[in-house]
Amino acid sequence: MKAILALEDGTLFEGQSLGATGRTNGEVVFNTGMTGYQEILTDPSYAGQIVTLTYPLIGNYGINPDDFESRRVQVEGFVVREAAEIASNWRSKQTLDSFLKERGIIGIQGIDTRALTRALRVRGVMMGAISTEDTPESLLEHIRNAPGYGSKDLARQVTAEQSYRWRVGDTKPVSADSVSEVKPRYRIALLDFGVKYNILRSLANLGCETTVYPCTVTAEEVLRANPNGIFLSPGPGDPEQYGYMVDTVRQLVGKKPIMGVCMGNQILGYAFGSKTFKLKFGHRGSNHPVKDLNTGRVYITSQNHGYAVDPDRLKDGMEVAHINLNDGTVEGLRHKELPIFSIQYHPEASPGPSDSAYFFHQYINMLDRHYGRS
Amino acid sequence: MPKDPSIKKVLLIGSGPIIIGQAAEFDYAGAQACRSLREEGIEVVLINSNPATIMTDVEMADRVYIEPLSVEFVERIVAKERPDGIVATLGGQTGLNLATQVAEAGILERYNTRLLGTPLRAIRQAEDREEFRTLMREIGEPVPESWIITDESQLGDAIASGIWPLIVRPAYTLGGTGGGIARNVDELLTITRSGLALSMRHQVMIERYLSGWKEVEYEVMRDANDTAITVCNMENFDPMGVHTGDSIVIAPSQTLSDKEYQMLRTASLKIIRSLGIEGGCNVQLSLDPHSFAYYVIEVNPRVSRSSALASKATGYPIARVSAKIAIGLHLDEIENAVTRKTLACFEPALDYCVLKIPRWPFDKFVGADRRITTQMKATGEVMAIDRAFEPALMKAIRSLEVGIYGLANKTGHTLSDMELEEAIRVPHDERLWSITEGFRRGMMVEEINALSNVDPWFLRKLEGLVNLETRLKVNAPAFKQMSKALESEEEEAQEPLEERFGSAVRLLREAKRMGFADRTIAEFAGIPEGKLRKLRKHLGIVPVYKMVDTCAAEFEALTPYYYSCYDTEDE
């Protein structure tokens, strides 16, 4: 079946339908990672977006039950040049196409994804729509009437409906009152702006029991449970929208050690006086070089963000700790005195390199120091 | 750290004569290194015994010595030129072995010079099988069960283990010379004897042969600041048992999930760090197609044959960057020569598929054993780039210049079914076409996978191509009519061909997108090639050109390195 993809500026691509049929709209972005489509599809930070992968052959290793980063497919739409007819991998249970159909996700294949990427690089990310039932004119009309990406509270759309828990040894979420069989090394309160499961798995692997709170949680409620540390998760949307989260985080600063990732980094930026600005085409992929300003070492990182913290407005002891080597933007913050740090990219990988997994250890070390353990 | 100011003059060791496993790719590496070093204001002295190389052109280095690659001559040159350092990791195994011998002869101390880049200890640890295995055990990276043998009388333990088949690998040889797979005691004795005779150290390793496992390679780089990156990974079409130099290779890997890709990437980086390599390094791994189990097979602590392929496949100049690392520069201080906007410290993102097919000299050595094993026989290779696997494969086949233009070789159809099954099971130079012949005779992906252990994903692609071939043949009448109509149309305007022959036009478009040559399509359609081409151009089915930019279009690139494809946008 035919499908079309239209961009806000009138650019049109004709291809074939992938996954479900119908019409969908979102901010069109590209990711340059060559593997990890299942993790990308289920990453809540892609809510509100139509994701195109620059690698042309997608779906080769199918879909398996273990590589989900959340319960749902989170992207609004999916764009590939060629979706594999057969899935070949020992863990695969399903082809990409049948999976997308089953989950009702609308996609398009057979278009020149490099041409699309070049358009987004030159003109910046923009709204777009995929349809199997529209004319180009009606689809453009649909895009014009759709709400812009930055106007939605996407975090509230993807956050946990109610608190839940991820204990040591767990492979999936359990209810918030489940008791750990082994005494956890630390109990972490995670503010869920759109968390990926691999963050929870990584914390569990280091002996932490994590309680996940909806993004609307109050500071009092978090503190009442008396966690050892706070974790601010990644998430979708324009951080400018999230004043309520910034307020919550401000009240937590100084009370408990805090680690933030991605949206967590941006919210901390706001909490320390800064703002964010939108990047022209974002950083999405598995190959972004980041420099640790302290050691001079460079790490290849997994990234997915469309906004960057303004380094010049930071105050009250917060400083830039990491920068992106490609464009010099802020990739990490560190507080000069308080036990608080955050990074803009993804230490949990999934997909992408796990070179930055050491941040989880760093968090544990910070908690050890804070609580006088060694 | 900026480049080491104490280095003003270096001696670069070339790779000598062209031999199997060490061909023009090392000239390419050496020439790139000469330019790269001189760019930094370094005086380059070059030694190579092979004058038929670009690197020995008078303008490449400051001083060129065309002399035998021996310890004696290197010593004389060092005595005369007094270089501040020697770069040995760009001249293949020959350069590396020579540097090892030079160091062992005490020449470095005598003339107050040193090896630049990868230290001697790292070379030894990577090359000596036993030291390497000890190191892998220390860092917790799995290596297959094996036994180091310096005399055939030591084979007792290996035989007693009951593990068959076993693979024999001699130490310090290139292209796997003298190695092989032994399925019984007799074969083990024969291969071990030949391996011992050929090894510089009179040492061979005997290890478990991972039959049917995937073979995957990573090209990694590391600088003196311990920053390490992956340039590229590659997956072999042929499973374990075929030397990488003799395997069809695809970049990037196609059948590895992100978890598998990252697991092997992490292992490769851990290995390059543990060895302390400063420059490029090639890590070969073997992955179980049915679990996360993997083994580290081998490490080349230098720019290798695969590095040349990885460089061309990604646009990332491994030799150029390795040379700069050797004189002390860090990855984040070296410019990405392709984009000129980003740095060498990143991992290339491909938005195309690269395919390499080895070129064997069996057309010249008619009586030779055409079976492919762990000892490299190919004397060359071709590489093709396209947006998908199929057209890259079809382009590569044509580039081989072996008189084959598509999916059929000259002898495939003459084999009996039994002979064909054997030709699919046992690797040989034309196995690719034995597989397509199998599909032509109605064999299924599962059957061919059971015989060859080639991954079903690749097989499905080949099956699709054979099906397309059949559809082209079935549509021959439509192609003939179109070609005829085109000729008469020149006199009287008619309804456009697209409307009258819609499905045949779509089929032609698909065939070109899948990489079929005009010549092959014309053959199936039963019309002359010239007429088919004329028809194709009339229908506006023409290639576009896309750039190899190292970054999948994320950044603007300036280096004009293009490939053709039947996609939409022309750059």
Chain A contacts, top residue of B/Pro289, B/Ala388, B/Ser257, B/Cys551 (heavy-atom pairs, under 4.5 Å): B/Ser257

Engaged part of B/Asp549 at the chain A interface, taking heavy atoms whose separation is under 4.5 Å: side chain

Residues in residues 78-90 of chain A that sit under 4.5 Å from chain B, counting heavy atoms only: A/Arg81, A/Glu82, A/Ala84, A/Glu85, A/Ile86, A/Ser88, A/Asn89, A/Trp90

Sub-4.5 Å side-chain heavy-atom contact between B/Ile229 and A/Ile300: yes

Largest heavy-atom contact set with chain A, pairs under 4.5 Å, which of B/Leu269, B/Asp567, B/Thr342, B/Asp223: B/Asp567

Listed partners of A/Phe13 passing ring pair (Phe, Tyr, Trp, His ring centres under 6.0 Å), at least two apart: none

Gap between atom CG of B/Asp226 and atom CZ of A/Arg297 - 0.5 Å precision: 4.5 Å

Most contacts with chain B, counted as non-hydrogen pairs under 4.5 angstrom, among A/Gly296, A/Ser354, A/Gly36, A/Gly352: A/Gly352

Minimum heavy-atom distance B/Cys345-A/Val298, with the two atoms named: SG-CG1, 3.2 Å

Approximate separation, where rounding is to 0.5 Å, of A/Tyr61 OH and B/Asp455 CG: 14.0 Å

Positions in residues 277-289 of chain A that reach chain B, provided some heavy atom is under 4.5 Å away: A/Phe281, A/Gly282, A/Asn287, A/His288, A/Pro289

Proximity of residues 112-119 of chain A to chain B, residues having a non-hydrogen atom under 4.5 angstrom: A/Asp112, A/Thr113, A/Arg114, A/Ala115, A/Thr117, A/Arg118

Polar side chain donor-acceptor pair, B/Lys259 to A/Thr35, under 3.5 angstrom: no

Reported OG1-to-CG distance for the pair A/Thr54 and B/Leu350, which is rounded to 0.5 angstrom: 9.0 Å

Residue pair B/Ala553 / A/Arg121: nearest heavy atoms and the distance that separates them: O-NH1, 2.9 Å

Pick from A/Ala349, A/Pro56, A/Gly33 with the largest number of heavy-atom pairs that fall under 4.5 Å of chain B: A/Pro56

Residue pair A/Asp355, B/Arg265: steps toward the side chain to side chain contact (heavy atoms under 4.5 Å, CB included) verdict: CA-CA 10 Å; A/Asp355 303 16; B/Arg265 177 187 173 280; 2.7 Å; yes

Contact leader toward chain B among A/Val122, A/Thr301, A/Asp67, where contacts are heavy-atom pairs under 4.5 Å: A/Asp67

Part of B/Phe458 within contact of chain A (heavy atom distance under 4.5 Å): neither

Region of B/Arg387 in contact with chain A, defined by heavy-atom distances below 4.5 Å: both

Atom pair NZ (A/Lys291) and NE2 (B/His330), whose distance is rounded to the nearest 0.5 Å: 9.0 Å

Residue pair B/Tyr261 / A/Pro351, side-chain heavy-atom distance below 4.5 Å: no

Atom group of B/Gln254 that falls short of 4.5 Å from chain A, counting heavy atoms: both

Contact origin within B/Glu556 toward chain A - heavy atom pairs under 4.5 Å: both

Option in B/Lys546, B/Glu571, B/His290 with maximal non-hydrogen atom pairs under 4.5 Å from chain A: B/Glu571

Side-chain touch B/Trp457/A/Leu57, heavy atoms, less than 4.5 angstrom: yes

B/Thr568 portion near chain A, given a 4.5 angstrom heavy-atom threshold: both

